[in-house]
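Heads up, the thing below is written out as structure tokens.
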Amino acid sequence: MIPVPLPSASFFFLMAASFCALAGLACWLCLLAVGKPVRRAFRASPVKHGVSLAVVLLLSGPALAYLYFTWEIEREFAREEAARRMTLAQAARVGAIDMPAGTRLVLRRAGAPETFTLAEFPRPVAVGSVQATRVARELTDEYDETSHDIAASYPTSLAATGAGVQAVDGWRCDASRGVTFDTARDGALTRMAHCVLADGNAVAMPRGRDRSSSRHGDGVSAGRGDRSSPGHGDGAGESAMPAADDRPIVLPAGTELRATDGNRYVDGFTDADRWEIEAPAGTVLRVAGLAVLDSLIRLDGERRYFELSRGTLPCDLALGEMRYAAGARVRSAPRNWRDTHPDAWVFSPWDGIPARRDGHADVGGTQSVVQAPDGAVLAVVDSESVGIFRYPEIIVDPAPAKPPAVQCPVAKN
């Protein structure tokens, strides 16, 4: 932390008095300019009024100096800003992009087109797979160790904005909201890093993995008010996951797509995920037959489902001997469960509402249930041991509750 001395109270008092004197001087000069009686009075006692004017002018000095230096600084900033803007007089290749004449650039350093941070094209230009009308770049500066001046600037990412829906690396992206690419040091694009998906995208479920479930139904359950008694598998108004469901996950427009390098562990192991998708808030997706609200899903390098990283149950769920309330958290079982149970789920009670287990004690808020898709309870464990952490939340202005985006079954009497 760099200590910064604050001005003393006397400085603020002096500046306040100076601005008051400047305001008084301006009023006095206006009266002298427009009022004949004031001018006659001034001529009648020139020494007295002259001394008074000099005193007011002297008191106005700090304020006038402050206004002058502020104006000079703004002029300097304006000159620097103008020097960092340029328009290409002829077509040129700048930063690994072929730019047409008339392209407007905003530069990090004046006179160095390769340090542009923003480019606006007069017509669409091919940037990767995007027909872009605008490009924004993030730059990193390297400094000389001796002089500490900037020695080099190079891009780390590039966001291309275009019109409408465009196909990028096999995804249908909303180019009007920008498609971000990682870049090499010379500005060449290395991979797509982020885009907002449009309609028409789906995630395939991998074949050869057991995703069957034990119960009939539509994957969601009814309201909390109607539960079966312990020891009975069919809770009135509750539904369990449907039979084996390998249908693709249909992604709605507005889903965030991000490239990843795989989840890395302290022992050096790296997961096979290479993409992650996050649906818009309040959206329910069906993942292997399970309705999941506000999900974060990871995909492998072939854009197939890899795991559910986090999600929330939008309705009550009955699965095997377990009964989960709407709002419970759900995710795929972590790495230490994959070899023996690659499709297991982890359900975690939330908001102080325990999970009910037929013939057993309730599962409280600090515990989670590892459960197979067929309903078999594999373990009841401490939540943190399976990657479920609870952090304090401060809600300043809570948004009104919205109904879930699925129709929960109506409780049966």
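Fair warning: this is a prediction, and the values are worked out from it, not measured in the lab.
Residues L107 and R85 form no side-chain contact, since every pair of their non-hydrogen atoms from C-beta on lies 4.5 Å or further apart. A heavy-atom distance below 4.5 Å is not found between the side chains of L158 and T180. Counting only heavy atoms from C-beta outward, the side chains of L319 and Q371 approach each other to under 4.5 Å. Within the 4.5 Å cutoff, the side chain of P354 has no heavy atoms near those of the V363 side chain. Looking only at side-chain heavy atoms (C-beta outward), F306 and V203 stay at 4.5 Å or farther from each other. Residues V346 and S348 meet the side-chain proximity criterion, which asks for heavy atoms closer than 4.5 Å. The closest side-chain heavy-atom distance from L251 to L285 is below 4.5 Å. Side-chain atoms of Y143 and D149, non-hydrogen and from C-beta on, never get closer than 4.5 Å to each other.
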- [ ] Output, in order, the C-alpha distance, side-chain angles, deciding distance and verdict of side chain to side chain contact (heavy atoms under 4.5 Å, CB included) for V377 and R357.
- [x] CA-CA 10 Å; V377 176; R357 184 179 183 185; 3.8 Å; yes
Task: side chain to side chain donor-acceptor pair (under 3.5 Å) between R109 and S153, worked out - done: CA-CA 9 Å; R109 298 199 307 272; S153 298; 2.8 Å; yes
TODO: Start with the C-alpha gap between S332 and Y305, add the side-chain angles, then the distance that decides, and say whether side chain to side chain donor-acceptor pair (under 3.5 Å) holds.
DONE: CA-CA 11 Å; S332 297; Y305 172 79; 3.2 Å; yes
TODO: Might you work through the side chain to side chain donor-acceptor pair (under 3.5 Å) test for D144 and S147, ending with a clear yes or no?
DONE: CA-CA 6 Å; D144 183 86; S147 64; 3.2 Å; yes
Task: Steps toward salt bridge (Lys or Arg N to Asp or Glu O under 4.0 Å) verdict (R108, D141) - done: CA-CA 10 Å; R108 172 71 67 86; D141 296 325; 2.7 Å; yes
Open item on the list: Working note: V168 + V130, criterion side chain to side chain contact (heavy atoms under 4.5 Å, CB included); need CA distance, chi angles, decisive distance, verdict.
Closed with: CA-CA 7 Å; V168 185; V130 179; 3.7 Å; yes
- [ ] Start with the C-alpha gap between L139 and T115, add the side-chain angles, then the distance that decides, and say whether side chain to side chain contact (heavy atoms under 4.5 Å, CB included) holds.
- [x] CA-CA 8 Å; L139 300 184; T115 66; 4.2 Å; yes
- [ ] Could you walk me through whether L53 and L25 pass the side chain to side chain contact (heavy atoms under 4.5 Å, CB included) test, one step at a time?
- [x] CA-CA 8 Å; L53 182 61; L25 177 63; 3.4 Å; yes
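Between the OG1 atom of T183 and the CG atom of L189 there is a distance of 7.5 Å, given to the nearest 0.5 Å. Between the OG1 atom of T161 and the CG atom of D174 there is a distance of 10.0 Å, given to the nearest 0.5 Å. Atom CZ of R172 is separated from atom CG of L197 by 10.0 Å, given to the nearest 0.5 angstrom. Atom-to-atom distance recorded for I277:CD1 and L296:CG is 8.5 Å, nearest 0.5 angstrom. In this structure, R286 CZ and S295 OG are separated by 12.5 Å, a value rounded to the nearest 0.5 Å. For the atom pair CG of L299 and OG1 of T260, the computed distance is 8.5 Å after rounding to the nearest 0.5 Å.
Salt bridge status for R84 with E80: absent, with no side-chain N to carboxylate O gap under 4.0 Å. For E278 and R310, the salt-bridge test passes: some basic side-chain N is under 4.0 Å from an acidic carboxylate O.
Surrounding CD of E145 are at most 12 heavy atoms belonging to other residues, nucleotides or ligands under 6.0 Å away. Remark: F269 CZ is packed, more than 12 non-hydrogen atoms of other residues, nucleotides or ligands lying under 6.0 Å away. Residue E256 places its CD atom among more than 12 non-hydrogen atoms of other residues, nucleotides or ligands, all under 6.0 Å distant. Counting non-hydrogen atoms of other residues, nucleotides and ligands closer than 6.0 Å to OH of Y265 gives a total above 12.
In summary, of the residues considered (R335, R264, R298, R338), a salt bridge (charged side-chain N to carboxylate O under 4.0 Å, His left out) with D271 occurs for R338 alone. Across L317, T312, L293, V292, a single residue satisfies side chain to side chain contact (heavy atoms under 4.5 Å, CB included) together with V330, and that is V292.
The two atoms that bring L59 and A21 nearest to each other are CB-CB, 3.6 Å, heavy atoms only. Smallest separation of non-hydrogen atoms from W28 and S52: CH2-CB, 3.6 Å. Across all non-hydrogen atoms, the minimal contact from P122 to A101 is CG-O, 3.4 Å. Between G187 and R137 the shortest heavy-atom distance is CA-NH1, 4.5 Å. The two residues M86 and P113 come nearest to each other via the heavy atoms SD-CG, 3.9 Å. Scanning both residues, M192 and L257, for their nearest heavy atoms gives CE-CD2, 3.5 Å.
Distance alone, capped at 3.5 Å, places no donor-acceptor pair between the D186 side chain and the A96 backbone. When atom types are taken as modelled, the side chain of T255 and the backbone of A279 share no donor-acceptor pair closer than 3.5 angstrom. The main-chain N or O of M99 is never found under 3.5 Å from a side-chain atom of T103 such that the two would form a donor-acceptor pair. The main-chain N or O of G301 is never found under 3.5 Å from a side-chain atom of R303 such that the two would form a donor-acceptor pair. Judged by distance alone, with hydrogens and angles left aside, the side-chain atoms of N201 form a donor-acceptor pair with the main-chain N or O of A198 at under 3.5 Å. At distances below 3.5 Å, at least one donor-acceptor pair connects side-chain atoms of S383 with backbone N or O atoms of Q367.
A cation-pi arrangement is not found for R191 relative to F181, the charged atom failing to lie both closer than 6.0 Å to the ring centre and inside a 45° cone about the ring normal.
The aromatic rings of F19 and Y66 sit perpendicular, their planes meeting at an angle over 60°, well past the 30° parallel limit.
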